[in-house]
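One structure is given below, encoded as C-alpha cells.
Just so we're on the same page: letters track the sequence lines, and every chain starts at 1.
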Protein chains: 2
Amino acid sequence: MAKFDLFQFVPFRLNRLAAEVSAALSDEYQVRYGLDIPEWRIIATLGFRDDACSAQFISQCTRTHKSTISRAVTALLDRALIERVENEDDRRAFELRLSAKGKALYEELIPRLLSKERDILSCLTAQERKDFAAALGKIERSLDLVQTRHGQKADAY
Amino acid sequence: MAKFDLFQFVPFRLNRLAAEVSAALSDEYQVRYGLDIPEWRIIATLGFRDDACSAQFISQCTRTHKSTISRAVTALLDRALIERVENEDDRRAFELRLSAKGKALYEELIPRLLSKERDILSCLTAQERKDFAAALGKIERSLDLVQTRHGQKADAY
DNA sequence: CTAAGATAGTCTCATTTGCAACCATCTAAA
DNA sequence: TTTAGATGGTTGCAAATGAGACTATCTTAG
C-alpha cells in the first residue's frame, strides 16, 4: 500500500482546522448576534473599508458566491444593519455601507473575535505566529488568493 | 472604527485557503474518479489503516457528520469500492474495509494527491514547510483535534 | 448609432449537509 | 432479569449553497 497518512496531509488538515476554528468563532457572531458566515463576511468587509463597496467586490474578495452574497445582503438590509444606494455611475450596481446600527454591531463584535483569534493562536510563540502568518501569505499568493486594495485580483492587471 | 483587517484575520484566511486547496485537489478525486469529499475521506481513512474500522471511527477522526458518512458509505458500497461486514462483537456496528477495486483506486489516487500537495506547498522552503506543519500541529492539539491510534479523542480517556 | 458581448445583481433549481428522530443493539444498575 | 440510558447507523426534513438562467445596464467595435 502507498505510504500515506491522512492526518499529515495538509489539505485535509486545513479543511478540518478551518471548520473547527469557524465553529469556535460562530459562538460570537452566530449565537450572540444572529449572523451567519456570509453575513459576517459582509459586515467585516464593509467595516474594514471606510468607503462603500459593491456586492461584487465583497463576493470577489471573500471568495463567496455572488448569489450567497446577494441573499445575505437582503437579510442585512432587512435588519437595517447595512444601507444600499444606487450607484450613480453604474445603475446596475449598488453601493453598500454599514448603517449606524451595523457600525455599532461591528465595533462590539470585532474585539470579541480578535480575542478568540488570540486564544486560538496562543499556543504559538510570537515568532511562530509571525512565521505561520507568513507561510499562509506565501501559499495564498501562490494560489493567487491575494486581493489588491481595489478588490481586483492582482493578476487582473 | 476598530482596527481590523479581514485579510489578516487567521480564521478567515484558513477558511478561504482550505476552500481553495480543496478545489485544487478536487480535480483529482472528483473529476477523475467521481468521488466527493466525504467519499474520498472514507477511502483515505480505510486505505491508511490496514485493519477495518467502523463508520463511527471515520466520522470521528475526519470530523465529518455521521449521516454524511453513512450516505457516502452507501455510495461506495454501490460502486463496490468498499466492503462491509457485520461486527461479531457488536451487531449494531459494521466493519468497513477497501475492496480490491477500492485498493486499486487508492493506489492510483494517492500519488496524484501527494503531488498536488507538493505543488501547493512548493512556494515554501523545506524549513518553512516543516515549521508550517508544526504550527498546524500545535493549533490542532490546542483545539483538541488530534486522534490517537485507536480513533478516540485524546481527552476521551 | 447599433449590435454584440461583458457585467451587476436576483432568482429558481438541484445538490449537499446538518439536525434530529428513529430503530436496533449494547451496557449498567436495580 | 428488567429497565433506563447510551451508542452505531439510517433516514426524513429543512436550511444553506452553488450553478446557471435571466434582466437590466454598461462597453466596445464597427
- Query: In whole angstroms, how far is the C1' atom of D/dC26 from the CG atom of A/D90?
  - Reply: 6 Å
- Is there side-chain contact between A/V10 and B/I120, with heavy atoms separated by less than 4.5 Å? no
- Query: How many Å lie between CG on A/L76 and C1' on C/dG9, as a whole number?
  - Reply: 16 Å
- Query: When all nucleic acid strands are considered with a 4.0 Å heavy-atom cut-off, which category describes A/T74: base, sugar-phosphate, or nothing?
  - Reply: nothing
- For B/L35 and C/dT15, give me the distance from atom CG to atom P, rounded to whole Å. 18 Å
- Query: Given C/dC19, D/dT25, D/dG8, which nucleotide is nearest the side-chain atoms of B/H65?
  - Reply: C/dC19
- Query: Who are the ring-ring contact (aromatic ring centres under 6.0 Å, His included) partners of A/F132, not counting sequence neighbours?
  - Reply: B/F132
- In whole angstrom, what separates B/Q60's CD from D/dT7's C1'? 11 Å
- Item | Candidate nucleotides D/dG9, C/dG9, C/dG18, ranked by approach to the side chain of A/K66 - the nearest | C/dG9
- Would you mind reading off the distance between A/Q30 atom CD and C/dC19 atom P, rounded to a whole angstrom? 10 Å
- Item | Side-chain touch B/N15/A/R41, heavy atoms, less than 4.5 angstrom | yes
- Hey, does the side chain of A/S70 come within less than 4.0 Å of C/dT10's phosphate (OP1/OP2), counting only N and O? yes
- To the nearest Å, give me how far apart CD1 (B/I82) and C1' (D/dG9) are. 13 Å
- Note on the structure: B/R84 has its side chain closest, among C/dT25, D/dG9, C/dA8, to D/dG9
- Separation of C/dA24 atom C1' from B/E86 atom CD, nearest Å, is 11 Å
- Message: Are A/F12 and B/E117 packed together at the side-chain level, in the sense that at least one heavy-atom pair is separated by less than 4.5 angstrom?
- Response: no
- Given DNA chain D, 5'-ward residue of the pair A/T64 and A/D89, judged by closest heavy atom: A/T64
- Task: Answer whether the closest heavy-atom distance between the side chains of B/E108 and B/Y33 falls below 4.5 Å.
- Result: yes
- Task: Please round to the nearest 0.5 Å and tell me the distance separating atom CG of A/D90 and atom OG of A/S54.
- Result: 9.0 Å
- Residue mapping more 5' on DNA chain C - nearest nucleotide basis, A/Q56 or B/I37: A/Q56
- For A/I58 and C/dT10, what is the distance between atoms CD1 and C1' respectively, to the nearest whole Å? 16 Å
Each nucleotide N or O in nucleotides 12-15 of chain D that has a protein N or O under 3.5 Å away: list the pair and distance.
residue	atom	partner	partner atom	Å
D/dG12	O6	B/R71	NH1	3.4

- Task: State whether the distance check finds a donor on one side and an acceptor on the other, under 3.5 Å, for side chain A/R92 versus base C/dT7.
- Result: yes
- Message: Within this structure, what is the CD1-CD distance for the pair A/I82 and A/E39, rounded to the nearest 0.5 Å?
- Response: 9.0 Å
